[in-house]
Amino acid sequence: MLNEVVPSAFDFGSLALALFAGAIRIGTPFLFVSLGECLTEKAGRVNLGLEGILVCGAMTGYAVSLQTGSPWIGVLGAGISGLVLGAFHGLVCSLRGVNDIAFGIALMVFGTGLAFYLGTPYIQPQAPTLPAFALGDWSTNSQLRNALEINVLFLVGVVLAGLLHWGMASTRWGLVLRLVGDHAETARALGYRLIPVRVTATAAGGFLAAVGGAYLSLYYPGSWNEGLSSGQGLMAVALVIFARWRPWRCLFAALLFGAAGALGPALQSLGITSGYYLFNAAPYVLTLVIMVITCRPDRTISGAPGELSLTR
Amino acid sequence: MSNFNRRKFLITTGAIALTSTLSFELAHAAGKKLIVGFLYVGPRDDFGYNQAHAHAASIIKKMPGIKMFDEEKVPETVAVQKSMEAMIRQDGASLIFPTSFGYFSPHVIKVAKKYPKVRFAHCGGLWTKGKHPMNVGSFFGYIEECQYLNGVVAGYMSKSKKLGFVAAKAIPQVLLNINAFTLGAQSVDPSITTRLIFTGDWSMPVKEAEAANSLIDQGVDVLTCHVDGPKVVVETAEKRGVMTCGYHVSQAKLAPKGYLTGAEWNWVTPYTTIVKAAQEGKPMINFLRGGLKDGFVKMSPYGASVSANAKAKADEIKNKMLAGKYPIFKGPLKDNKGKVIIPAGVIQEQTDIKLESMNYLVAGVMGQV
């Protein structure tokens, strides 16, 4: 028969390009959330609520962009919503006897619920979305052109990762942050106040996570609906462990997770159709593998902040 | 102190007894009105499956003698049982429309056995005599007719002869749509192939966008989908300058350049039939199906870019379907592994119930169940 499909020789170049494009497209929200979580954890707190903050940021960003007509004001609005929720986490966890992980879970449910409740009127309309740099205009290959359409937020994220890396290693506030997260007693003895540092770090972390959410609703896939997050906020926590609390490594970890997310669709479009369940689950499998390899009860993870409730 | 407690107890029980009789009387007073409840799995305005239902429900609401309640975002878990029971006990609903596929078994069946006087009209399930209670019914539309017409238009408009299909899960209704779409396109040009990507769930926006992009990267120039909300797929295709066929409701607004046509539900027709049967006290309609000619499904108006001969051919086939003379699945038909599904000369009628347990992909689909 004419229409019998014969799979041609496997196109590795196409797969590599799809994974490259996916790494950046899908990886950008991972980058922002993991940088935010990295900042928070460096100060000695874990914020599992970033998942809720991400969803809330996605909704706020879309709504603000729709109302004002400017996607950048949308990103800012999302960031502020994340800042508020992050500060909320930071303040509540500063109360005596509040467990940061338990409150993080509560915040995750709260943020998601709030976004769903307030976001209903924004499912249908189309908001202005963020621009991208078309770096591939020289090419005639449409796949390459599309893969090289790099969004502005990704570039901001790369610069931010570098800045945070440098800031944590070589500046005074970086030293204070690490000291508070690593050894609270010493920080206190040196006269630093723990709570303001931790609240600031958590609030800033919330800001970044919400910007990651705004990327989802304002660039890729570029619309607000309730299934938008598929656990990016939670996976970012595993990602930070994988990156050993180094911002620069967060970038590579985010790209790896992005590529894993692109694997399922890319393979299917190239004709590898068996086992798509497994390939579609690649990011989650990756999370599990990382947790199994890095989190053993018999040893502490190198690079982990000493005050973290995960390691204490 | 114990005296006080006893008095309090009496007051409370008295109040409960009073309210229960009152609500009973209220329900009685509203007896002339039929109270109907609708449940959707997602938000009412998702540009997709739930919007199609909610839109039809809003028309039912305006019918005389009807009081309508609806609830959105009810997950396919025990939550739907609670929502249905609340509609029955608090709102006094006597006809319930649980509209999502996954509600049917075990949730609807379980609640229906508990409330034998309430009617349950489920969308998409396969009601079987003897196996399921008599107060339950299922209705569905032969939307594959519209998908076939989508395919015909796509077949005319595609230059690369590669079509793309983003699907959620490999269930019979989805496979029916993929196959009908492909067969429609192949009726125009037998060399046309459909590339298929399963995302794994009904609403996975990031995966849907990634799937659409990968398909376009592989040279696909007409995309369609079977997910709850086609918004992401249609928007991604429009952004990248390829054409789309819609699903569930019209997405023409989202893609003014690339929207060709679309397969839409027209749930008002089955809803009205079932509501009228309940109002007139006729027995529950247990099994209700219909296609284009019954007004259960309809096509979106053609987009501006659709060529005249594509329109002419699609309209010609549509007229045959309206006359009930165009079965889609007929021999010779092979699946994409080369196995003969329908031998030459055999016709599988639209109403054949076996079509609702489809488990193969026709030749020309690049994908696997």
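Below, chains carry the letters A, B, ... as their sequence lines are ordered, and counting in each starts from 1. Treat the numbers as computed from the prediction; the structure is a model and nothing was measured.
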Quiz item: Considering all heavy atoms of both residues, which atom of A:Ser14 and which atom of B:Gln218 are nearest to each other, and what is their separation?
Solution: OG-NE2, 3.0 Å
Quiz item: Between B:Lys231 and chain A, which part of the residue has a heavy atom less than 4.5 Å away: side chain, backbone, both or neither?
Solution: side chain
Quiz item: Quick one: OH on A:Tyr277 to NZ on B:Lys169, what's the gap to the nearest 0.5 Å?
Solution: 9.0 Å
Quiz item: Which pair of non-hydrogen atoms, one from A:Ile123 and one from B:Asp46, has the smallest distance, and what is that distance?
Solution: CG2-CA, 4.1 Å
Practice problem: Check whether the side chains of B:Ser214 and A:Gln268 place a donor and an acceptor atom closer than 3.5 Å, and report yes or no. | Solution: no
Self-check item: Distance-only donor-acceptor check, side chains A:Tyr122 and B:Asp45, under 3.5 Å
Solution: no
Self-check item: Atom of A:Asn280, atom of B:Gly200 and distance for their closest heavy-atom approach
Solution: ND2-N, 4.1 Å
Quiz item: At their closest point, which heavy atom of A:Gly22 faces which heavy atom of B:Glu210, and how far apart are they?
Solution: CA-OE2, 3.8 Å
Quiz item: Is it the backbone or the side chain of B:Lys73 that comes under 4.5 Å from a heavy atom of chain A, or both, or neither?
Solution: side chain
Quiz item: Measuring heavy-atom distances to chain A, does B:Asp201 have an atom under 4.5 Å in its side chain, in its backbone, in both, or in neither?
Solution: neither
Quiz item: What residue, out of A:Leu228, A:Asn146, A:Asn225, has the most heavy-atom pairs lying under 4.5 Å from chain B?
Solution: A:Asn146
Quiz item: Using non-hydrogen atoms only, which part of A:Glu149 is less than 4.5 Å away from chain B: side chain, backbone, both, or neither?
Solution: neither
Quiz prompt | Contacting moiety of A:Pro283, where chain B heavy atoms sit under 4.5 Å | solution = neither
Exercise. Take B:Lys253 and A:Gln126, measure what side chain to side chain contact (heavy atoms under 4.5 Å, CB included) needs, and give me the verdict at the end.
Key: CA-CA 10 Å; B:Lys253 255 200 300 189; A:Gln126 279 179 299; 6.0 Å; no
Quiz item: Most heavy-atom pairs under 4.5 angstrom with chain B, which of A:Asn141, A:Leu270, A:Leu216?
Solution: A:Leu270
Quiz prompt | Atom pair CG/OG of B:Leu254 and A:Ser223 - distance to nearest 0.5 Å | solution = 9.0 Å
Self-check item: Which portion of A:Glu226 sits near chain B, non-hydrogen atoms under 4.5 angstrom
Solution: side chain
Quiz item: Out of curiosity, B:Arg240 CZ to A:Arg145 CZ, how far, rounded to the nearest 0.5 Å?
Solution: 9.0 Å
Quiz item: Checking heavy atoms, do the side chain of B:Val362, its backbone, both or neither come under 4.5 Å from chain A?
Solution: neither
Quiz item: A:Ser142, A:Ala266, A:Pro265: which one forms the most heavy-atom pairs within less than 4.5 Å of chain B?
Solution: A:Pro265
Self-check item: Spacing of A:Tyr276 atom OH and B:Gln368 atom CD [to the nearest 0.5 Å]
Solution: 8.5 Å
Quiz item: Taking B:Thr236, B:Ile216, B:Thr199, B:Asn213 one by one, which has the highest count of heavy-atom pairs under 4.5 Å against chain A?
Solution: B:Asn213
Quiz prompt | Toward chain A, the part of B:Glu72 with a non-hydrogen atom under 4.5 Å | solution = side chain
